[in-house]
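Please read the structure below before turning to the comments.
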Amino acid sequence: MKFRSQRVAYLFFATSLLLFSLQIVFGFIMGFAHMGYDVLHDVIPFNAARTSHLNLLVFWLLSGFMGAAYYIVPEEADRELHSEKLAVIQWAGLVIVGVTAIIGFQFEWWEGRKFLEIPRPLDYLVVVDVLLFLYVVGRTALGAERFTTTGSVLLVGLTAAALLYLPGMITFESQVMDSYFRWWVVHLWVEGVWELIMGGILSFLLIKLTGVDRELIEKWLYVIVGFTFLSGILGTGHHYYYIGAPEYWLLVGGIFSALEPLAFLGMALYAVTMARRGGMNHPNRIALFWTVGCGIMSFVGAGFLGFAHTLPQVNLWTHGTIITAMHGHMAFWGAYAMLVLAMISYAMPNMTGRKLFSGWAPEWAFWISNVGMIGMTGAFAVAGIAQVYMERKIGMDFLAVQEAVEVHFAGVVLAACLLTVGIGMFIWNFVQYGLPNDEAVGQGG
Amino acid sequence: MLTKSQARLFFIGGTAFFSLIFVMLTVDTLRQIPERQNTKAMTASVVRGKTIWDDRNCMGCHTILGEGAYYAPELTLVVNRRGPEWIRIFLRDPQAMYPGKRKMIQYDFSEEQITDVIAFLDWIGKIDTNGFPPEPDLKPQVALAKASVAAVSDRPAYFDSVCTACHAVAGQGGTFGPALDGVATRIDPVALDTWLADPQKVKPGTAMPNLELSDELRAELVAWLSTLE
Ligand code: HEM
Ligand code: HEM
Ligand SMILES: [Fe+2]
């Protein structure tokens with residue numbers, strides 16, 4: 001790493017991987033419950049497991065993004081972080097809020113609104129913590145002589161993500177209104193501003209790992225995020241088809257969300273082309289694997305599988321079924337989980353000065369976890385298609401259908417075991433790197 | 001060839017333009033929602049029901065308007081499907097209704113809270129959702145059977161709203177309990193009456209719940225069941 005203060009990123013990455021492991025534990029609890037073994041029902045009922053699974057996911061991704069920003073911003077601004085101490089305080093705040101939230105969920109301290117279950121008092125703390133984060137990275141960027149496009153796109157994405165958290169904090173008496181504005185957070189995050197963050201991080205990684213000219217990479221970055229908003233903003237309509245909003249959303253949401261995969265196709269082509277142009281000869285091959293993999297898998301999970309159920313005439317039947325879970329898993333994995341893992345793979349050798357990227361373990365971690373996730377997605381898909389036909393098309397009773405698809409959840413759990421092995425190997429590699437090291441300061445990467 | 005500043009302009013211009021349209025559509029949507037969701041019918045009870053729904057995170061197992069979790073039934077049309085009486089009995093003791101099946105949490109709601117939850121679900125069921133959830137379209141035969149049964153039978157309303165969740169008659173109804181066609185040939189009226197009064201007493205451990213039926217209701221049900229030969 002170039003600057004000493006970049007090392008705070010380590011705290012965030014370690015937190016990320018810890019919370020990720022916990023997310024997987026809750027995933028297994030739900031997988032078993034779907035197989036008919038809801039043995040933990042009295043201790044951790046399904047809704048507590050699900051809420052924990054989703055919020056841990058969001059927390060570990062945000063922690064990863066923040067770590068990435070603390071690593072990237074000094075480099076793009078060509079100076080130390082504004083204050084390393086504030087960054088550590090901000091990290092501690094994030095951990096405290098996150099842990100409190102997850103414990104609170106086990107005692108029904110929550111709001112029953114999917115993805116936004118964090119109770120209101122903690123929401124305010126999240127806001128304070130995120131403001132502190134934006135202050136530290138913002139001051140670093142503003143105090144720089146010049147700040148790059150890559151860095152700006154990343155910061156604009158992070159700031160917009162913080163702003164879009166606010167509509168989720170309004171209280172509504174009507175379920176319809178509640179749902180309408182819930183999507184301003186959930187959809188406009190993952191299919192809007194988070195893609196700016198993704199674009200910024202990918203661009204940084206590609207510049208570093210491929211050696212292709214920065215101007216060229218950043219030009220295409222603008223084009224891709226341009227497509228994101230062109231399609232993604234009105235694409236929010238694909239969540240407004242059947243919740244009580246006007247009928248024109250079927251048309252608007254259908255057309256624009258059908259264009260959303262273009263942005264992800266852009267990400268995939270972007271990563272692949274730049275990697276090939278650069279000749280793939282950076283020594284940290286595994287970071288390039290995760291980077292290019294992120295581009296490709298985001299297209300598969302978000303673009304392709306999103307398109308599969310986004311047209312209103314399809315969504316009428318698949319809305320709120322296991323089909324949605326199939327898409328949700330692969331999309332989050334490809335676009336955001338792999339992104340954070342790519343950043344960690346790139347940053348660790350630079351922060352610690354140890355080059356542990358060449359053994360078999362990191363490479364196997366990449367392949368095994370991806371095969372595991374593809375397997376899970378396949379099993380969810382089979383269960384989902386069966387559910388749509390039996391329950392929605394033929395009108396069979398819900399519970400009878402669920403019993404019929406129990407066997408596919410055995411598939412989900414088996415594939416999840418593979419994923420877990422892969423992630424376990426990734427974490428083992430991470431632990432072996434050890435802590436950031438002052439001797440690594442000032443070295444390129 | 002496209003330059004970087006043109007690319008930036010495309011990004012900023014596109015974002016501003018589509019954000020503006022989105023805000024305009026939102027304004028129009030907010031104008032239309034009161035009628036589509038029937039705001040006038042949103043009584044205090046409905047609003048309390050929504051609070052219970054949020055506080056207990058029912059969405060962590062169920063979907064409503066197609067949003068939530070995929071572990072428990074879609075509830076948008078549940079009042080239509082099961083009827084308020086059935087839901088009331090169910091919510092008093094969910095596990096008694098489907099013993100040995102996937103579990104819902106036993107909430108120990110008061111009768112007023114149950115009333116509020118039902119009011120909320122009833123209001124949800126009347127929202128104009130552009131046709132969600134759709135009628136099953138591959139089920140024409142079954143639909144035919146349904147129509148003919150409804151036409152010939154004059155069964156007690158209570159049977160339709162509660163007992164059919166578990167029992168079928170003439171091929172229509174749940175399969176959790178035995179079909180009741182010809183039940184009169186198997187069980188005489190006195191035994192039927194004792195059974196309905198307290199199934200557990202007749203057959204300890206049976207999966208049929210005690211529905212705490214009033215004397216008149218029981219008499220009405222027994223009279224009708226005795227005609228099923
Ligand atoms: C990285 C990007 C994406 C992520 C992380 C993601 C994730 C998710 C998640 C978690 C849900 C479930 C939300 C809920 O019910 O609360 C969902 C729903 C949905 N997504 Fe995505 N998605 C992404 C991109 C896309 C794209 C590009 C499309 C369209 C082409 C799409 C189409 C849909 C549709 C139609 C639904 C609604 C499913 C339903 O009706 O139940 N998604 N997505
Ligand atoms: C490895 C073990 C995992 C297992 C067994 C697992 C299983 C599950 C199950 C059973 C559900 C609930 C579906 C329902 O409502 O019935 C769920 C939801 C979800 N999981 Fe996982 N999961 C795992 C890992 C992951 C990972 C790694 C991610 C993200 C990268 C993820 C993202 C999600 C999302 C976004 C949802 C919500 C989906 C929706 O509402 O449509 N899960 N998971
Ligand atoms: Fe969406």
Side-chain angles (χ1 to χ4, degrees), chain A residues 30 33-34 36 38 41 45-48 50-51 108 110-114 117 149 173-177 179-180 215 218-220 222-223 225-226 229-230 233-234 236 240-250 252 316-317 319-322 324-325 389 392-395 397-400 402, chain B residues 2-4 7-8 10-11 14-15 18-19 21-22 25-26 28-30 32-33 36-37 39 42 47 50 53-61 63-74 98 101-103 105 120 124 127-139 142 174-175:
Chain A
M30 288 192 290
H34 264 287
D38 53 349
H41 176 78
F46 191 88
N47 56 350
R50 187 181 221 279
T51 300
E108 289 205 301
W110 55 23
E111 293 169 14
R113 301 154 72 223
K114 187 175 176 187
E117 289 95 344
T149 299
E173 286 189 341
S174 147
Q175 184 71 28
V176 176
M177 295 285 283
S179 170
Y180 189 89
E215 283 300 300
E218 291 183 340
K219 178 173 86 182
W220 289 107
Y222 273 132
V223 174
V225 295
F229 285 124
L230 185 140
I233 296 177
L234 292 180
T236 318
Y240 295 160
Y241 298 156
Y242 308 119
I243 61 162
E247 215 171 336
Y248 52 69
W249 285 113
L250 270 69
V252 176
L316 178 65
W317 303 97
H319 182 44
T321 62
I322 299 167
T324 310
Y389 270 89
R392 295 281 165 86
K393 290 282 213 179
I394 297 177
D397 180 62
F398 180 89
L399 284 179
Q402 291 292 313
Chain B
L2 182 81
T3 66
K4 190 166 160 189
R8 187 190 309 124
F10 165 69
F11 164 60
T15 305
F18 286 106
S19 301
I21 295 190
F22 186 59
L25 288 176
T26 295
D28 184 70
T29 299
L30 297 189
Q32 292 200 37
I33 281 182
R36 298 180 60 94
Q37 71 171 2
T39 304
M42 266 176 70
V47 175
K50 155 108 164 70
W53 177 263
D54 278 352
D55 288 349
R56 301 336 271 268
N57 195 0
C58 310
M59 221 193 205
C61 289
T63 49
I64 192 162
L65 302 173
E67 295 178 354
Y70 321 123
Y71 186 67
E74 212 321 304
Y98 299 95
K101 297 279 166 158
R102 194 172 272 188
K103 291 195 198 75
I105 299 173
F120 170 68
I124 288 279
I127 293 170
D128 180 353
T129 59
N130 295 330
F132 180 85
E135 269 296 311
D137 64 351
L138 297 182
K139 198 190 169 191
V142 185
T175 51

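Labels below follow one simple rule: chain letters A, B, ... track the order of the sequence lines, proteins then strands, and each chain is numbered from 1.
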Quick one: closest heavy-atom pair of [X] and [Y], and the distance?
X        : Y        : value
B:Arg102 : A:Gln402 : NH1-OE1, 3.0 Å
B:Ser19  : A:Ile233 : OG-CD1, 3.4 Å
B:Phe10  : A:Val223 : CE2-O, 3.5 Å
B:Ala7   : A:Lys219 : CB-O, 3.7 Å
A:Ile394 : B:Leu138 : CG1-CB, 4.1 Å

Go through the atoms of [X] and report whether side chain, backbone, both or neither lie under 4.5 Å from a heavy atom of chain A.
X        : value
B:Pro73  : both
B:Ile105 : both
B:Thr15  : both
B:Ile124 : side chain
B:Asn130 : both
B:Leu25  : both

Open item on the list: Could you check whether any side-chain heavy atom of A:Thr321 comes within less than 4.5 Å of a side-chain heavy atom of B:Glu74, counting everything from C-beta outward?
Closed with: no

- [ ] Kindly indicate whether the side chain of B:Tyr70, heavy atoms from C-beta on, has any atom under 4.5 Å from the side chain of A:Arg50.
- [x]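 Yes - at least one pair of side-chain heavy atoms lies under 4.5 Å apart.
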
For the atom pair [atom1] ([X]) and [atom2] ([Y]), what is the distance rounded to the nearest 0.5 Å?
X        : Y        : atom1 : atom2 : result
A:His319 : B:Thr129 : NE2   : OG1   : 8.5 Å
B:Met42  : A:Gln175 : CE    : CD    : 10.0 Å
A:Glu117 : B:Asn57  : CD    : CG    : 5.5 Å
A:Tyr180 : B:Thr26  : OH    : OG1   : 3.0 Å
B:Asp137 : A:Arg392 : CG    : CZ    : 12.5 Å
A:Glu111 : B:Asp54  : CD    : CG    : 7.0 Å

Open item on the list: Please determine whether a side-chain nitrogen of the Lys or Arg among B:Lys4 and A:Glu218 lies less than 4.0 Å from a carboxylate oxygen of the Asp or Glu.
Closed with: yes

Can you tell me which of [options] forms the most heavy-atom pairs within a distance under 4.5 Å of chain B?
options                                : result
A:Leu230, A:Val252, A:Asp397, A:Thr149 : A:Leu230
A:Pro246, A:Gly226, A:Gly320, A:Ala325 : A:Pro246
A:Ile243, A:Val225, A:Leu316, A:Thr51  : A:Leu316

Open item on the list: Using only atom types and a distance under 3.5 Å, with no angle test, would you say the side chain of A:Asn47 pairs donor to acceptor with the backbone of B:Arg56?
Closed with: yes

TODO: Please confirm whether the backbone N or O of A:Glu173 pairs with a side-chain atom of B:Lys50, one donor and one acceptor, at under 3.5 Å?
DONE: no

- [ ] Determine the option with the most heavy-atom pairs under 4.5 angstrom with chain A, choosing from B:Ile21, B:Leu2, B:Thr39.
- [x] B:Leu2

Open item on the list: I'd like to check the ring-ring contact (aromatic ring centres under 6.0 Å, His included) partners of A:Trp249; sequence neighbours left out, ordered by chain and number.
Closed with: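 If we apply the ring-ring contact (aromatic ring centres under 6.0 Å, His included) test to A:Trp249, skipping adjacent residues, the hits are A:Tyr240.
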
TODO: Return the set of residues passing ring-ring contact (aromatic ring centres under 6.0 Å, His included) with A:Trp220 (not counting sequence neighbours), or none when no residue passes.
DONE: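 Partners of A:Trp220 under the ring-ring contact (aromatic ring centres under 6.0 Å, His included) test: none.
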
Quick check on [X] against chain B: is it the side chain, the backbone, both or neither that has a heavy atom closer than 4.5 Å?
X        : result
A:Ala33  : both
A:Leu399 : side chain
A:Phe398 : side chain

TODO: Give the ring-plane orientation class for A:Phe46 versus B:Tyr71, where under 30° counts as parallel, over 60° as perpendicular and anything between as tilted.
DONE: parallel

